[in-house]
Amino acid sequence: MEPRYDIKEVEARIAERWDEAGYANPDICVAQGVTAPDAEPFAMVLPPPNVTGTLHMGHAAMLAIEDIMVRYARMTGKRTLWIPGTDHAAIATQSRVEKDIAKSEGKNRYDLGREELLRRVHEFAQSSHDTIVRQVRRMGASLDWSREAYTLDETRALAVQTAFTRLYDMGLIYRGNRVVHWDPKGQTTISDDEIVYEERTATLYTFRYDKDFPIPIATTRLETKFGDTAVAVHPSDARYAQYVGKTLEANFCGTLIKVTVVADESVEKDFGTGALGVTPAHSMVDWEIAQRHALPLVQVIDEHGRMTVPNDLVHGKKTADARAIVAEDLRSRGLIEKEEDIAQNVATAERTGGIIEPLPKLQWFIAVNKPFGAEGKTLKERMRAAVESSAITIMPERFSRVYFTWIDNLRDWCISRQIWFGHRVPVWYNADAVYVGTHMPDGEGWEQDPDTLDTWFSSGLWPFSTLGWPDEHAPDLARYFPNAVMETGYDILFFWVARMILMSAALMDGAIPFRRVYLHGLVRDDKGRKMSKSLGNIIDPLTMADKYGADATRLSLVIGAAPGNDIKLSEDRVRGYRNFSTKLWNIARFIDMNRPEDLTKGSRAADADCPEMKELVALAQEVTAHLDAFEFHLAGEALYHYVWHRLADEIVEAQKTALRDGAGPEREAAYALLESLLLASLKMLHPFMPFITEEIWGIFRPGTLLMVEAW
RNA sequence: GCGUCCUUAGCUCAGUGGUAGAGCGUCACAUUGACAUUGUGAAGGCCGGAGGUCCGAUCCCUCCAGGACGCACCA
């Protein structure tokens, strides 16, 4: 054996051997007799990385944890399938490319046009995809690349169109004119979950519409008050009881408005004046109040955040400017009673940072409160039941509560987007006719809906679209659905995990998409901060892999990281596990170089009754129990401790004399013991550090592959 | 407002109903050894605070303090 472990050379060579053997593909395992044809299946999909950039430590952690599960499953004889793929990540990718183009060419998407922009985005996505795939392979992930999928490829496009059509036919997808979250910067709608709240200081104005209006109201958005159609008060509020039910007219800065006073439980008596000016067109909450009281809707702001109200003071002005103008006008006429600074959470778009403007728009939605199917249950009820009944178990268990809270607050999901990159809404219009289907209908004059679908719509289908759905006879679908495990970061529990459960409930006959959800934490820097370019604290997994090995990088992300807890990572930590690789290499080298010349490899077994072998069996039981319980950090730590501090420090030391100076049989016994302990350790370490264990295994057992040895 | 998590060695974190562990760091000694080092040993912790349950609590319960996060509200 080489005196030094050449990380890069070995990891590259071993990866090639795995590729050639093809054991990541379960069909090959069965064909080669490695896996029994009727073995219990273990299927998992890789959460598809976005084609927006490169692999980061979060991906590396995900790959490490999942590869441990997969390699362990494969070694325990299961028919193991782990499907790779990438996500087109609609808004994220398009806005990324748009930003680049704006910077380098000073053009926006309308300057380029739909076709040219899409060409550029696809080009970017392709190169990004290639990089990411290369990086995923570098980490040693034993994925079945023959089944690779992309959320925007042909098979998945058919799945998306079929899903949309079926949901529409079931009455679960509808087109409706509702107030939606509009991102003026990205010029698109976004869903509730794509909003990030930022705390800012705002001025709360207490004012009257005009001097004769009897009720003062409080607002931070004076400019929207042109669109007020009601004033809401709490039903038990005696101050305003006399006005409830009346419709009052007011002259607001020169515009005549009609407001009905309504009583609504949602109003807080103690906030402001206890009276809320209701602007149905420009506030989600107000729109809901308006629905309850059948109030009219008056839009006064457009998609670009400009005032459309026919009022000379503000018409055509941006909302912020209009606010100042209205404030000044009211102030000059003595209509403002109070101005105070308050802390306010402003809704912004996650991807573009634009401040959300609620607007009434005609959009496509998924109805979560509508009963459907034979049982007459709603999607919300089914999503809740899937976890409540323990058909799906979430680990760590505490995230179940987070999930339920989200379900309880869930509203209809707006799935249409006004961006160009993504799956086109499979709906065609022809005069008054509307056609929903997977292909354009025959006949002249049909125009497809220009909108695209929320990226999570296609991601939601992932557990079955990767298995060949909508082809109901796809062999993979029958064998591997539902998946055994869904492993992902807790930060996309709502975005993704919940949407997969939703899609499965609706489209797969109420089935669950996977039996278990395992959520890992976020990788942060050693001070607990998020890794980001601007902070300059990014630790790149590829750099770490080249410097210390993919094995060491993987260990650093697994050991000492409890499920669901964030991982604080430092280069020192990776270096520490590189030292462990070196240690393991040297244990093997020492044993190898002391093999008795006349002893053929593996020709003599260790005495199974000796204390060292019994200890090893106990360790194997402990490690197996931890792996079965998804306690990878504990299994890894136990192995680390055993190999370094028992095997190397004590057992090898104790056998040194016998190995070097002992008589023939004594030497053989010493060697046999050490080799047995080493090989067993390699086996158990393999899911954690596949490269070095495979390499050493090949030296002691040439011609065989550790990755398919029996556990 | 509702909820969750965290608080354990100098630092970063595991862990357990029976007076605590890892990595990195510190100190002493040894070693050029299978080990771009490693080994042996040491220092260092009233396991955030206060109550409670228990024979026994760092672990379970309640409260408090500090930190992080999620959700809702945000007129």
- Query: Does B/rA72 fall in syn (glycosidic angle within 90° of 0) or anti?
  - Reply: anti

Could you tell me whether the phosphate oxygens of [N], OP1 or OP2, come under 4.0 Å of any side-chain nitrogen or oxygen in [X]?
{"X": "A/Asn409", "N": "B/rG70", "value": "no"}
{"X": "A/His641", "N": "B/rG23", "value": "no"}
{"X": "A/His645", "N": "B/rU38", "value": "no"}
{"X": "A/Arg4", "N": "B/rA36", "value": "no"}
{"X": "A/Trp644", "N": "B/rG23", "value": "no"}

- Message: Measure CG/A/Asn586 against P/B/rG39 and give the value in whole Å, please.
- Response: 11 Å

- From CZ of A/Arg401 across to C1' of B/rG3 the rounded distance in Å is 6 Å

- Message: Less than 6.0 angstrom separating the ring centers of A/Phe632 and A/Tyr72, yes or no?
- Response: no

- Message: Quick check for you: among B/rA22, B/rG15, B/rU38, whose closest atom lies nearest to any side-chain atom of A/Glu637?
- Response: B/rA22

- Note on the structure: Of the listed B/rG15, B/rC73, B/rU38, the closest approach to the A/Glu268 side chain comes from B/rC73

- P-based separation of B/rA36 from B/rG18 [nearest Å]: 40 Å

- Inter-nucleotide C1' distance (B/rU8, B/rG15), Å rounded: 10 Å

- Item | Any donor-acceptor N or O pair under 3.5 Å, side chains A/Trp413, A/Asp193 | no

- Do A/Glu194 and A/Ser191 get their side chains close enough for a donor-acceptor pair, meaning under 3.5 Å? yes

- May I ask you to say what A/Asp649 touches in the nucleic acid, namely base, sugar-phosphate or nothing, with a heavy-atom cut-off under 4.0 Å? sugar-phosphate

- Task: Indicate the ring-plane relationship of A/Phe226 and A/Phe252, choosing parallel, tilted or perpendicular according to the 30° and 60° boundaries.
- Result: perpendicular

